[in-house]
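All of these numbers come straight from a predicted model, not from anything done at the bench.
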Amino acid sequence: MLKLCQNCQDILVEEKPGYWVCPSCGSVFAETQNALPTPPGFDENAAAKDSTAMLDMADQSLARGDYDEAFYAYQVYLEKHPSSAEAYWGKVLSHFGIRYETEEGGLRRPTLNRMDSRSILQNADYLKALEYADEKQRAAYEKDAAYIAEVQSRYAKMANAAAMEKSYDVFISYKAQDDATGQATEDSRIASEIYERLSSLGNLNVFYARVTLNEERAGLAYEPFIYAALNTAKVMILVGTKPEYLNSTWVKNEWKRYLQRMQNDTSRHIIPVLKEMSVSDLPADIPAGDARIYEGRKTLLELTDGVLNYTKKGAVADVDEKKAVQLIVENMKQALARKDFKAVNSESEKILMNYDAHNGEAFYYRLLAEYGVDKPVKLKDLKQDWTQSNNYKRVMAYGDNALKTRIESIRKLYDARVEQEKQELYIEAENARRTKEAEKNIEKARELIGQYQYGRALDLLIRSAAYHEDAKGLIDLCNTGLEAMNRIGRRDDFEGYYFGALEQKNNSLYRQYKTVTSANESLKKPGIDSSSAWIGTIMAGLGLAAFMFLIPGGKRYTGVMLVTLGSIIASIGMGRIIPAGVALVTGVLGMGFVWAGGKSLDTALIICFFPAAYLLILGVVNVIRNKNYVKKTAEESALYSQVHDFIREEWNDLRNTYADVLGEGFLEPLNPQKRKQ
């Protein structure tokens with residue numbers, strides 16, 4: 001079993017039984033128990049049988065950064081091949097964590113990943129490598145060693161400056177990314193929570209690579225600062241969720257180097273924090289006495305107690321939590337003002353994880369950060385329903401009355417705005433529906449207008465006026481059409497309409513026309529036939545004359561017959577039925593008296609005289625009236641011509657007024673000339 005130097009951690013060489021010498025620093029130890037563990041899976045017997053395989057194993061371990069395994073393998077190889085310059089050089093590279101990186105231009109440069117206070121030029125293995133190397137190897141070793149020594153010197157200055165600038169109380173070691181997926185590990189989340197908790201106390205300097213190296217040391221080589229932190233930290237917190245994460249190259253490099261320092265300094269402590277793995281899964285050389293299974297806030301509080309105890313920085317009770325919370329709240333306000341919402345969440349997490357899991361103010365700022373607003377009043381303008389957020393619900397559950405009142409007043413404004421938007425959306429949808437309906441109405445109205453159905457078209461257009469830009473023009477067209485129809489009139493009594501219009505526009509002409517037509521109407525009644533009137537008048541006159549001349553001659557019978565026949569003809573000709581009947585009766589009576597003889601015949605003649613006289617007078621009157629009718633008819637014709645002239649003027653006026661709007665097609669059926677045909 002190999003043994004390590006307690007001063008420089010180099011492998012000891014047994015000078016004589018019970019005495020061990022360090023080839024690097026020259027320290028001598030008696031019966032030391034500081035043994036170097038055999039790497040997992042390493043078969044010493046198989047390696048001893050196959051030296052070439054041992055050297056290949058060493059080179060492979062060095063290439064993948066497993067420096068301790070590589071160092072061990074080179075040492076085992078040297079036990080069989082003590083003059084191998086290559087193996088001694090391999091030990092040097094393993095000791096200083098040297099890996100070769102190809103720079104631009106193809107130049108390969110050694111990089112230093114393990115700091116050591118002693119120069120590579122003084123390292124015993126380096127001197128042995130030079131001793132057994134051939135000329136070409138020696139030149140290469142000396143060139144690389146000179147470069148490494150220069151880097152060592154530069155790193156040493158940086159490490160000293162870093163140590164003087166800031167010493168660390170706690171070093172957090174963890175696996176940041178999964179090699180297979182490239183995703184952040186659960187270890188990194190737990191490490192972040194531990195860092196937030198410890199750094200929030202304000203009295204601990206915590207080395208946390210993601211913050212310390214990426215923010216504080218950006219652009220600089222990391223190794224000097226890791227070296228300085230490992231040298232000064234009193235506590236290492238080793239986070240692990242999988243055994244392979246703890247055995248990954250860089251995590252293992254950190255805790256291995258820290259364990260070496262623990263062997264020489266009992267004030268240092270390592271605290272494993274595990275999740276989803278047990279203490280038995282820890283690498284064998286990691287002390288498990290302080291190991292903790294991660295259970296969130298409970299573990300963070302226990303871990304804080306342990307760290308404060310080991311670092312002699314006091315107990316948790318000594319930390320003013322209220323003051324710390326107020327400081328974090330102030331940090332959240334500043335982060336919110338500069339719209340650094342990630343920082344707001346980070347700061348709020350400090351309060352919730354480290355001090356108060358039910359802090360309403362922390363949830364309030366998380367709510368603002370969740371929706372990306374730097375001022376609470378902006379919540380009322382959000383499109384998302386933030387009232388369903390868990391952060392909002394927790395503000396209402398854990399916040400004080402003032403905070404609840406503030407957020408509730410904003411919620412009411414938000415609700416009012418949402419309701420208004422709903423109404424606007426409804427109105428918009430309704431307008432869209434009515435606009436679509438208006439388009440159909442406009443199309444139908446155009447069809448009705450083409451059919452001169454202005455009333456029906458106007459009803460559709462009025463309903464659509466607010467939703468279609470063409471409606472107003474069409475409404476004007478319909479009103480014009482209705483006005484034209486009211487003015488022209490679509491009825492059979494075409495001339496009667498114009499006589500009404502004539503009455504309104506030319507009362508004097510209309511009165512003359514009515515006077516003439518009324519007079520002529522009375523002349524056109526039965527009895528106005530001039531030929532019948534003349535015949536009846538002559539017959540009645542002859543009868544009366546015969547009556548006067550025939551009586552002295554004793555011809556009474558002939559006189560009665562003439563009077564009776566003349567009266568009947570005159571009565572029928574002039575349409576006078578009653579006088580004709582009286583004449584007929586008196587004639588029959590007269591003839592009866594004539595037949596019987598005697599004085600009764602004289603009585604019959606006297607009776608027949610009166611209707612004959614009446615008819616004679618009526619006949620004369622009719623003759624006079626016929627002359628008047630001819631005169632009035634001439635006057636009526638003249639007036640009627642004036643009326644038709646007026647009708648034609650009215651038509652031309654209507655055509656000039658409406659033809660351009662409604663078209664000749666609408667007016668043509670009402671053309672007076674067409675209607676007269």
Side-chain angles (χ1 to χ4, degrees), residues 417-514 517-518 636 639-677:
R417 198 212 84 221
V418 169
E419 184 61 29
Q420 180 181 353
E421 287 182 350
K422 287 181 180 178
Q423 291 295 327
E424 291 174 353
L425 286 174
Y426 170 78
I427 293 172
E428 183 178 347
E430 183 65 13
N431 286 341
R433 183 189 68 79
R434 293 189 178 183
T435 299
K436 188 174 181 180
E437 181 181 352
E439 290 177 355
K440 295 181 179 179
N441 289 344
I442 292 294
E443 183 178 352
K444 181 63 176 177
R446 292 183 191 277
E447 181 181 342
L448 292 172
I449 289 172
Q451 300 169 0
Y452 309 118
Q453 299 184 47
Y454 296 108
R456 292 179 59 192
L458 188 61
D459 180 60
L460 293 173
L461 291 170
I462 289 174
R463 283 185 283 162
S464 307
Y467 304 98
H468 202 289
E469 59 183 4
D470 293 343
K472 185 178 184 302
L474 294 174
I475 287 174
D476 292 341
L477 181 61
C478 285
N479 286 330
T480 302
L482 288 174
E483 180 184 352
M485 293 182 72
N486 290 333
R487 197 168 162 193
I488 295 171
R490 299 195 64 162
R491 48 193 169 178
D492 293 334
D493 187 12
F494 178 76
E495 293 181 356
Y497 167 77
Y498 281 105
F499 296 150
L502 182 65
E503 181 181 13
Q504 296 176 6
K505 290 197 171 185
N506 195 330
N507 289 330
S508 175
L509 181 62
Y510 179 73
R511 284 195 298 273
Q512 294 178 44
Y513 179 81
K514 291 297 289 183
T517 54
S518 296
E636 180 183 4
L639 289 172
Y640 199 72
S641 295
Q642 295 183 50
V643 169
H644 274 274
D645 289 342
F646 173 80
I647 289 173
R648 281 190 294 274
E649 291 175 4
E650 180 74 6
W651 163 255
N652 291 331
D653 180 43
L654 291 172
R655 183 174 60 191
N656 293 335
T657 303
Y658 299 111
D660 291 341
V661 180
L662 303 177
E664 292 286 350
F666 171 75
L667 296 172
E668 194 60 28
L670 302 177
N671 191 327
Q673 300 302 322
K674 300 289 185 180
R675 295 299 296 267
K676 291 293 286 183
Q677 292 176 357

Checking [X] now: which residues fulfil salt bridge (charged side-chain N to carboxylate O under 4.0 Å, His left out) with it, not counting sequence neighbours?
X      : answer
Glu428 : none
Lys436 : none
Lys444 : Glu447

Contacts of Glu437 meeting side chain to side chain donor-acceptor pair (under 3.5 Å) (sequence neighbours excluded), chain-then-number -> Arg433
When rounded to the nearest 0.5 Å, the distance separating CG of Asn479 from CG of Leu474 is 11.0 Å
Rounded to the nearest 0.5 Å, the CG atom of Leu448 sits from the CG atom of Leu461 at a distance of 9.0 Å
With sequence neighbours left out, the residues meeting side chain to side chain contact (heavy atoms under 4.5 Å, CB included) with Glu443 are none
By side chain to side chain contact (heavy atoms under 4.5 Å, CB included), Gln423 pairs with (sequence neighbours left out) Glu419
Contacts table for residues 462-469: side-chain donor-acceptor under 3.5 angstrom, sequence neighbours left out:
| from | atom 1 | to | atom 2 | distance (Å) |
| --- | --- | --- | --- | --- |
| Arg463 | NH2 | Asp459 | OD2 | 3.4 |
| Ser464 | OG | Asn441 | ND2 | 3.0 |
| Ser464 | OG | Leu460 | O | 3.0 |
| Tyr467 | OH | Arg434 | NH1 | 2.8 |
| His468 | ND1 | Asp470 | N | 3.1 |

